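Each remark here refers to the structure printed beneath this line.
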Amino acid sequence: MVYLTRKAEFSAAHYYHSPALTPEENARLFGKCNNPNGHGHNYTLEVTVKGAVDPKSGFVVDLKQLKEVMNREVLDALDHRFLNKEVPEFFTRIPTTENLAIVIWQRLAPKLNAARLHRVRVYETPDLFVDFFGEEDQGEA
Amino acid sequence: MKAHLTRRYMFSASHRLHSEEFSAERNREVYGKCNNPYGHGHNYVVEITVSGPVDEQTGMVCNLADLDGFARRGILERYDHQNLNLLPEFAKNVPTTENLCIAIYEIVKRGFRHAHLEKVRIEETMMNSFEYCGEGL
């Protein structure tokens, strides 16, 4: 088994707000991230896939294909968007970095055929990132 | 659904690597220039990785404000701009970054209740880093 990681960057706006909470509770819980006008980040995405090295090509995955899938499924949908307003998954879910990692996984996993998705890592800033290993990663919570 | 969240913090501290178990010559041999009796310092970067189910209402593994507050009180205020050799946890343990990793892991494990601690990783310089995931791993 060999692991391969491809990086990409995208920039997007978001804000945190739960309709289940009062305005005061939202402000207390989410602080300045609750500003309804939004704010933005330069996100860095790392997609790690795993698989056996193909004896003919020497590849775990065709990087060109992986890049195309990442561009089509993730970057075209998220880059330079207001996540709450333009990305359907975030009409009902808060676009935290945790949920971004889960949504990106859910967009990519069904589209990868040769290699299996191992990890989606999303950096919101260089000092904060989230890893998601899939819905089967039940381990100790 | 379970996710892992990692946050990086920075502090600066001095230390000297010297073991009472070794002779002066052996200390110089083992620790090299890190054995300089006057000490030296680093800008340490601490990465704390926690995990847990993503809360459906908040979309979070834990509130970053809680983790940042804990790290500030429990780690940064304790270690930033200190001489590590003078702290009680290093009275008998050499303040290598391995031992610092274990000390910080124990602080977080004992005190942070909002998510499960997975790992503490410390960069002593840009060229070397250390990780501790608790006993059993």
Side-chain angles (χ1 to χ4, degrees), chain A residues 14-22 25-34 41 44 46 48 83-84 87 89-106 109 117-141, chain B residues 1-12 43-72 75-76 80 104-105 108-109 112-123 126 129 131-137:
Chain A
H14 70 172
Y15 74 108
Y16 293 173
H17 178 85
S18 168
L21 303 174
T22 65
E25 285 170 330
N26 268 295
R28 193 171 55 244
L29 181 61
F30 297 123
K32 58 189 178 181
C33 299
N34 187 227
H41 298 284
T44 300
E46 283 183 12
T48 302
L83 300 177
N84 306 64
V87 179
E89 289 95 325
F90 299 119
F91 295 169
T92 52
R93 289 152 87 173
I94 305 173
T96 56
T97 315
E98 290 91 327
N99 278 335
L100 254 178
I102 293 171
V103 163
I104 291 172
W105 176 288
Q106 289 169 338
L117 195 53
H118 171 66
R119 184 185 75 189
V120 167
R121 173 175 285 186
V122 180
Y123 285 85
E124 184 181 89
T125 70
D127 290 332
L128 174 67
F129 61 88
V130 167
D131 290 323
F132 186 62
F133 294 91
E135 285 146 37
E136 289 147 27
D137 173 47
Q138 291 302 328
E140 192 190 346
Chain B
M1 241 172 295
K2 181 183 165 191
H4 291 59
L5 178 141
T6 301
R7 183 73 153 157
R8 283 162 67 90
Y9 303 96
M10 206 198 86
F11 67 85
S12 304
N43 296 323
Y44 292 95
V45 175
V46 179
E47 274 187 16
I48 297 176
T49 301
V50 297
S51 70
V54 177
D55 185 281
E56 293 213 356
Q57 199 170 56
T58 65
M60 297 171 170
V61 168
C62 68
N63 197 321
L64 260 190
D66 292 330
L67 185 58
D68 286 351
F70 179 85
R72 191 182 64 249
I75 299 168
L76 305 181
D80 191 32
I104 291 178
Y105 181 94
V108 181
K109 189 82 192 165
F112 188 67
R113 299 271 169 246
H114 300 282
H116 173 76
L117 177 62
E118 290 281 341
K119 181 169 81 177
V120 169
R121 176 174 175 271
I122 302 181
E123 295 174 10
M126 282 193 297
S129 66
E131 298 182 9
Y132 184 64
C133 305
E135 290 301 330
L137 284 176

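In this text the structure is predicted, and so the values were computed from the model without any measurement. Reckoned from all heavy atoms, side chains included, excluding hydrogens, waters and symmetry mates. Protein chains get the first letters and strands the later ones, always in sequence-line order, with residue 1 at the start of each.
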task = Please flag which part of Thr49(B) lies under 4.5 Å from any non-hydrogen atom of chain A: side chain, backbone, both or neither.
result = neither
request  = If a pair satisfies salt bridge (charged side-chain N to carboxylate O under 4.0 Å, His left out) and one of its residues is in residues 43-55 of chain B, list it, with sequence neighbours excluded.
outcome  = Arg8(B)-Glu47(B), Glu47(B)-Arg121(B)
request  = Classify the angle between the aromatic ring planes of His4(B) and Phe133(A) as parallel (below 30°), tilted (30 to 60°) or perpendicular (above 60°).
outcome  = perpendicular
key: Audit row: Gln57(B), Ser18(A), side-chain hydrogen bond (donor to acceptor under 3.5 Å, both in side chains) steps and yes/no   = CA-CA 7 Å; Gln57(B) 199 170 56; Ser18(A) 168; 4.7 Å; no
query = Does the separation of the ring centres of His14(A) and Phe90(A) fall below 6.0 angstrom?
reply = no
task = Please flag which part of Val54(B) lies under 4.5 Å from any non-hydrogen atom of chain A: side chain, backbone, both or neither.
result = side chain
inquiry  = Less than 4.5 Å to any heavy atom of chain B: does that hold for the side chain of Tyr16(A), its backbone, both, or neither?
reply    = side chain
request  = Identify whether the distance between the nearest side-chain nitrogen and carboxylate oxygen of Asp127(A) and Arg7(B) falls below 4.0 Å.
outcome  = no
query = So which part of Leu29(A) gets closer than 4.5 Å to some heavy atom of chain B, the side chain, the backbone, both or neither?
reply = both
query = By a 4.5 Å heavy-atom criterion (distance strictly below it), what part of Pro126(A) contacts chain B: side chain, backbone, both, or neither?
reply = backbone
